[in-house]
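Chain letters run A, B, ... following the sequence lines, proteins first and then strands; every chain starts at 1.
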There are 2 protein chains.
Amino acid sequence: MAAVDLSTHPGHLARRLQQAHHLLWNTMVSEEITSPQFAVLNALVAEPGLDQRTVGERVGLDRSTIAEVIGRLIRRELLDKVRDPQDGRRFLLRLTDDGLRTHRKLAVRTARMNQVFLGPLDAGEQAAFFALIRRVADAAEGLRRPGEPAAPR
Amino acid sequence: MAAVDLSTHPGHLARRLQQAHHLLWNTMVSEEITSPQFAVLNALVAEPGLDQRTVGERVGLDRSTIAEVIGRLIRRELLDKVRDPQDGRRFLLRLTDDGLRTHRKLAVRTARMNQVFLGPLDAGEQAAFFALIRRVADAAEGLRRPGEPAAPR
DNA sequence: CCGAATTAGTCAGGGCACTGAGTATTTTCT
DNA sequence: AGAAAATACTCAGTGCCCTGACTAATTCGG
């Protein structure tokens, strides 16, 4: 009786969207490399030699998750990790040749996948799609740290 | 050099949207009950006595995941599960009193959270937001099983 | 210069999500 | 009725994702 219609719940929609994306990614891009892993490779193509934390920031993953993702990429030898001689806390990340090749290959497929994924929308709708999601996500992220250095309690 | 701009990648945006939602859910709705768990409770409020598989279908979770989620809800005694006397394969699910109370409480908070989450958009934009995401997700899901019982190869 | 705060990363723990393989039960087809 | 197919669920394995507590290294303040 008091049940709610989930199709008007943004969280539910977001989850469905991600599931749909995951499905398409697996069939059109790669079953080995996941979308977050590709995002990490991509960040390192854009800015080689970043440290772990900064990569996490670029792709939107917290320090725990980024450590796991990077661990997997290292196991697959797409990446390696060396201590920063300047700052012994940091690990500097670099793509291996294999990592670079993999990124190039997947970048092409990813572009194709995005076209299929967004196929149902025309150009204007695609722009709206991006803008709306970005506005909602940015606003919600902003709620977390409004003034930053004011102790929460 | 060949790096790509992730902000035009729907998969990346979908992930960020979900993360933002997760954050807000934790602070405004519940730290105990997750959004998928609430979706299950809600499905059972709408249609009491559903079996496990059907609940999964209603909320968009595969058989493995729904089993885990239901397991957790049973551990918290918000649900119970009995074998269908008519069909020994099925488990029938029913909310406990506590489950019903929890659903009622969270439904209110969820509505508040959605308002905050969608706050940056006006009414028309919210409608567009829902419609665009739904169209993309529906289309991608449709790609998986186009004719159903035709062997894919 | 030395102790305190900050920062980078790890680890444990919980939850979501999928695939593929296996078990039990029911239905269907001969 | 009995074998085959379909169905509901479980289990193992992998990966993403977060929080909170901890360790090690650096920086900052007195």
At under 4.0 Å, does any side-chain N or O of [X] touch on OP1 or OP2 of [N]?
{"X": "A:Gln52", "N": "C:dT10", "answer": "yes"}
{"X": "A:Gln18", "N": "C:dA17", "answer": "no"}
{"X": "B:Arg53", "N": "D:dA8", "answer": "yes"}
{"X": "B:Thr65", "N": "C:dC16", "answer": "no"}
{"X": "B:Arg63", "N": "D:dT10", "answer": "no"}

A:Arg83 side chain vs A:Gly88 backbone, donor-acceptor pair below 3.5 Å: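 Answer holds: yes.
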Main-chain N/O of B:Gln18 paired to A:Arg15 side chain as donor or acceptor, under 3.5 Å: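 Between the backbone of B:Gln18 and the side chain of A:Arg15 there is no qualifying donor-acceptor contact (under 3.5 Å).
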Within the structure shown, what part of the strands sits under 4.0 Å from A:Gln19 by heavy-atom distance: base, sugar-phosphate, or nothing?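 Sugar-phosphate contact only.
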For A:Asn26, which contact category applies under a 4.0 Å heavy-atom criterion: base, sugar-phosphate, or nothing?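 A:Asn26: no heavy atom of the nucleic acid under 4.0 Å.
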Nucleotide [N], atom [atom2] - distance to [atom1] of [X] in whole Å:
{"X": "A:Trp25", "N": "D:dG15", "atom1": "CH2", "atom2": "P", "value": "15 Å"}
{"X": "A:Gln37", "N": "D:dC16", "atom1": "CD", "atom2": "C1'", "value": "10 Å"}
{"X": "A:Asp51", "N": "D:dA24", "atom1": "CG", "atom2": "P", "value": "20 Å"}
{"X": "A:Glu68", "N": "D:dT19", "atom1": "CD", "atom2": "P", "value": "13 Å"}
{"X": "B:Glu32", "N": "C:dG15", "atom1": "CD", "atom2": "P", "value": "10 Å"}
{"X": "B:His22", "N": "C:dG15", "atom1": "NE2", "atom2": "C1'", "value": "8 Å"}
{"X": "A:Leu73", "N": "D:dC16", "atom1": "CG", "atom2": "P", "value": "8 Å"}
{"X": "A:Leu93", "N": "C:dG9", "atom1": "CG", "atom2": "P", "value": "8 Å"}

For B:Asp5 and B:Thr8, test the side chains for any donor-to-acceptor distance below 3.5 angstrom and give the result as yes or no.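 The answer is no; no qualifying pair exists.
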For the side chain of A:Ser64 and the base of C:dT10, is some donor closer than 3.5 Å to an acceptor across the two?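 No pair found.
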Flag if over 12 foreign heavy atoms under 6.0 Å of CZ, B:Arg109: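 Yes, because the 6.0 Å sphere around CZ of B:Arg109 holds more than 12 heavy atoms from other groups.
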Does atom CG of B:Asp97 have more than 12 heavy-atom neighbours from other groups under 6.0 Å away?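 Open: at most 12 neighbouring heavy atoms sit under 6.0 Å from CG of B:Asp97.
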Evaluate the ring planes of A:Trp25 and A:Phe38, with Trp represented by its six-membered ring, and classify them as parallel (under 30°), tilted (30 to 60°) or perpendicular (over 60°).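 Rings of A:Trp25 and A:Phe38: tilted, 30 to 60°.
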In Å and rounded to the nearest 0.5 Å, what is the CG to CG distance from A:Asp98 to A:Leu79?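 Between A:Asp98 CG and A:Leu79 CG, I get 11.0 Å after rounding to 0.5 Å.
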Select from A:Leu61 and B:Glu31 the residue whose nearest nucleotide in DNA chain D is closer to the 5' end of that strand.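 Taking each residue's closest nucleotide, the earlier one in sequence belongs to A:Leu61.
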Mind running a 4.0 Å heavy-atom check of residues 76-91 of chain A against DNA chain C and sending the residues that fall below it, in number order?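 When residues 76-91 of chain A is checked for heavy atoms under 4.0 Å from DNA chain C, the hits, listed by number, are A:Lys81, A:Arg89, A:Arg90, A:Phe91.
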